[in-house]
There are 2 protein chains.
Amino acid sequence: MTDVFHALADPTRRALLDRLFLKGGLTLSELAEGAPMTRQGVAKHIAILEAANLVTAEWEGRNKRHFLNPVPLTGIVHRWVGKFEDARLDALAEFKTRLEDPTDMDKKDTKRNG
Amino acid sequence: MTDVFHALADPTRRALLDRLFLKGGLTLSELAEGAPMTRQGVAKHIAILEAANLVTAEWEGRNKRHFLNPVPLTGIVHRWVGKFEDARLDALAEFKTRLEDPTDMDKKDTKRNG
DNA sequence: TTGACATGCAACCATTCAGTTGCATATTCG
DNA sequence: CGAATATGCAACTGAATGGTTGCATGTCAA
């Protein structure tokens with residue numbers, strides 16, 4: 001859970017996932033070609049993605065081919081985002097109620113600090 | 001996008017969101033009571049959640065009341081996870097094909113390094 | 001006004017992190 | 001075999017991070 005979010009919290013890694021989404025089976029060297037960093041840098045990012053199970057790799061001789069694994073994303077949606085999704089309508093309604101109905105806001109919005 | 005994932009990539013922050021999910025309107029002090037760190041530590045986490053727009057706060061006198069804002073989560077699902085979700089079935093099928101059909105694997109799985 | 005309470009700001013520290021560099025290991029090809 | 005290619009491992013560094021402590025500011029209540 002933490003690993004997945006952490007892995008996704010980096011534009012470089014998301015770009016890697018995007019590339020693997022468009023075309024699977026890319027090697028480390030191929031992924032490192034367009035990247036604005038060393039091959040080792042990319043390797044570290046990929047290691048993080050693998051640790052989060054977002055990328056699976058297969059050895060093909062001396063080539064390591066990488067594939068996107070979308071399962072953890074599904075897990076996030078269902079285990080974590082889903083419950084908030086369920087509450088989204090209620091929350092929005094509550095939000096609007098609080099924001100639009102001044103009957104409960106008479107003590108709010110006092111300016112303070114900055 | 002980065003902010004949201006980064007905000008979610010921390011158990012403390014997810015716990016804060018959980019608490020706000022169960023009961024909105026908690027103050028900083030209330031949120032800090034059960035936390036295994038200083039109030040200032042919690043304040044920093046909340047600042048990150050606010051920067052990611054996952055938490056909205058309203059001033060009520062000297063009390064700052066916090067509310068969960070699930071909208072960014074919805075954004076994640078639709079903008080980012082969604083497209084992989086769409087491809088999930090295809091990807092799984094492709095996965096299974098590669099894993100189960102040996103016709104394309106004759107050069108794979110050579111042991112290497114560790 | 002005075003004191004207690006809720007929060008914010010800033011400095012500081014130990015740890016983690018992203019990225020680089022250098023070198024080792026394994027595979028392919030001639 | 002030996003050279004070239006693909007990758008991994010380890011050490012290092014500057015920057016970011018998580019958390020603390022100390023103090024300032026604003027608000028409520030007597």
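Note: hydrogens, waters and symmetry copies are ignored here, and every other heavy atom, side chains too, is used. Here is the naming used below: chain letters follow the sequence lines, and residue numbers restart at 1 for every chain.
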Side-chain donor or acceptor of [X] paired with backbone N/O of [Y] under 3.5 Å:
{"X": "A:R39", "Y": "A:S29", "answer": "no"}
{"X": "A:E30", "Y": "A:T27", "answer": "yes"}
{"X": "B:R13", "Y": "B:I48", "answer": "no"}
{"X": "A:N69", "Y": "A:T56", "answer": "no"}
{"X": "B:N63", "Y": "B:R65", "answer": "no"}

Starting at [atom1] of [X] and ending at [atom2] of [N], how long is that distance when rounded to a whole Å?
{"X": "B:L26", "N": "C:dT7", "atom1": "CG", "atom2": "P", "answer": "11 Å"}
{"X": "B:I46", "N": "C:dC9", "atom1": "CD1", "atom2": "P", "answer": "14 Å"}
{"X": "B:D10", "N": "C:dT16", "atom1": "CG", "atom2": "P", "answer": "14 Å"}
{"X": "B:L28", "N": "C:dG8", "atom1": "CG", "atom2": "P", "answer": "6 Å"}
{"X": "B:L31", "N": "C:dG8", "atom1": "CG", "atom2": "P", "answer": "12 Å"}
{"X": "A:W59", "N": "C:dT28", "atom1": "CH2", "atom2": "P", "answer": "11 Å"}
{"X": "A:Q40", "N": "D:dT13", "atom1": "CD", "atom2": "P", "answer": "18 Å"}
{"X": "B:R65", "N": "D:dT27", "atom1": "CZ", "atom2": "P", "answer": "16 Å"}

base_contact_polar (D:dT5 base, A:R62 side chain, donor-acceptor, <3.5 Å):
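Pair found.
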With a 4.0 Å cut-off on heavy atoms, is [X] in touch with a base, just the backbone sugar-phosphate, or nothing at all?
{"X": "B:S29", "value": "sugar-phosphate"}
{"X": "A:K44", "value": "base"}
{"X": "B:T27", "value": "sugar-phosphate"}

When you measure from the side-chain N and O atoms of [X] to the phosphate of [N], is any distance below 4.0 Å, counting only OP1 and OP2?
{"X": "B:H45", "N": "D:dG19", "result": "yes"}
{"X": "A:T38", "N": "C:dT20", "result": "yes"}
{"X": "B:K64", "N": "C:dG8", "result": "yes"}

If you pin A:R39 and A:H6 to their nearest nucleotides in DNA chain C, which one's is more 5'?
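So the residue in question is A:H6.
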